[in-house]
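What you are looking at is a predicted structure, and each value in this text was computed from that prediction instead of being measured. Keep in mind that the numbers below use all heavy atoms, side chains included, and drop hydrogens, waters and symmetry copies.
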Amino acid sequence: YLRFFNGTFDFKFPMHELRSLVPNLQNMEVLIIARVGERFYDEIIEGYSIARVYNSTIKVSFMGGSPQVIKPMMPMTTYIVAEYHDTSKLPNEVYYDPSTTMEVTGRVESRNGGTRDYPITNLRMTGQPGVWELKIDLRNDLNLDDSRQSKDFLREVSKVKLTANFIDPRGDRASADILF
């Protein structure tokens, strides 16, 4: 409580004090209430604000839900996003740093019992900062030829699981999976 108020009041509430009050800070909401009184009119005005505490690490996600439908014989495109957990963008320096990488790996399973590793693919960012485009063409990506065995494998694909790994210039990592 302040004896006199001069228009603004700056305050800080240390995160370690919040941590001591609740078991998990993730998505916690903090309610801040301010009461200002005017002594001549004997009036008190109250206002409030709510702040949500987010994890400050990087989150990677595939656009769209999972699982997604794939037609193994047809090429398709999917997009991957790297951002903070509150969906705000990372600084542009992180996106455009040459040491920043978005790498995709995976596995392709066929109903006839065969499996193949999806080749490690390093992606380039699209024109939109924080968005990477992955073009999937299983025939070319898995180096399948026109043999009957290759066509049978493609026709019988039952599951494609891909993992995107993001590494920023500081070495922080984030990953996400998608199932087709």
message: On a heavy-atom basis, which atom in T87 and which in E83 lie closest, and how many Å separate them?
response: O-OE1, 3.7 Å
message: If you compare all heavy atoms of V60 against all heavy atoms of A176, which two are closest, and at what distance to 0.1 Å?
response: O-CB, 3.1 Å
message: Holding to side-chain contact (heavy atoms from CB on, under 4.5 Å), I want the full list of residues that pass it with M74, two or more places apart in sequence or in another chain.
response: K71
Partner residues of K151 under the salt bridge (Lys or Arg N to Asp or Glu O under 4.0 Å) criterion, sequence neighbours left out: none
statement: Sequence neighbours excluded, the answer for salt bridge (Lys or Arg N to Asp or Glu O under 4.0 Å) partners of R107 is D117
query: Of all heavy-atom pairs between F153 and T115, which one has the smallest distance, and what is that distance?
result: CE1-N, 4.2 Å
field: SB check R52 E29 (cutoff 4.0 Å)
entry: yes
message: As a quick check of understanding, evaluate side chain to side chain contact (heavy atoms under 4.5 Å, CB included) for I136 and L162, giving each step before the final call.
response: CA-CA 11 Å; I136 301 169; L162 300 178; 3.7 Å; yes
query: Is there a path of hydrophobic side-chain contacts, each under 4.5 Å between heavy atoms of I, L, V, M, F, W or Y residues, that connects I70 with V108?
result: yes
message: Applying side-chain contact (heavy atoms from CB on, under 4.5 Å), can you list everything that pairs with Q68, at least two apart in sequence or on another chain?
response: M76, I178, F180
task: Could you walk me through whether L138 and V160 pass the side chain to side chain contact (heavy atoms under 4.5 Å, CB included) test, one step at a time?
output: CA-CA 10 Å; L138 291 179; V160 177; 4.1 Å; yes
task: Check ring pair (Phe, Tyr, Trp, His ring centres under 6.0 Å) between F166 and all other residues, then give those that pass, not counting sequence neighbours.
output: W132
- request: List the atom of A174, the atom of I58, and the distance in Å for their closest heavy-atom pair.
  value: CB-O, 3.4 Å
message: Counting only heavy atoms from other residues, nucleotides and ligands, does the tally under 6.0 Å from CE of M73 exceed 12?
response: yes
Heavy-atom closest contact (D145 atom, S150 atom, distance): OD1-OG, 2.7 Å
query: Between T100 (side chain) and V94 (backbone), is there a donor-acceptor pair under 3.5 Å?
result: yes
message: Hydrophobic cluster membership, with links at side-chain heavy-atom distances under 4.5 Å among I/L/V/M/F/W/Y: are V30 and I50 in one?
response: no
Other residues, nucleotides, ligands: >12 heavy atoms within 6.0 Å of Y48 OH: no
task: Please answer whether the main-chain N or O of K89 pairs with a side-chain N or O of Y95 as donor and acceptor at a distance below 3.5 Å.
output: no
task: Tell me, please, which residues at least two apart from R111 pass salt bridge (Lys or Arg N to Asp or Glu O under 4.0 Å).
output: E156
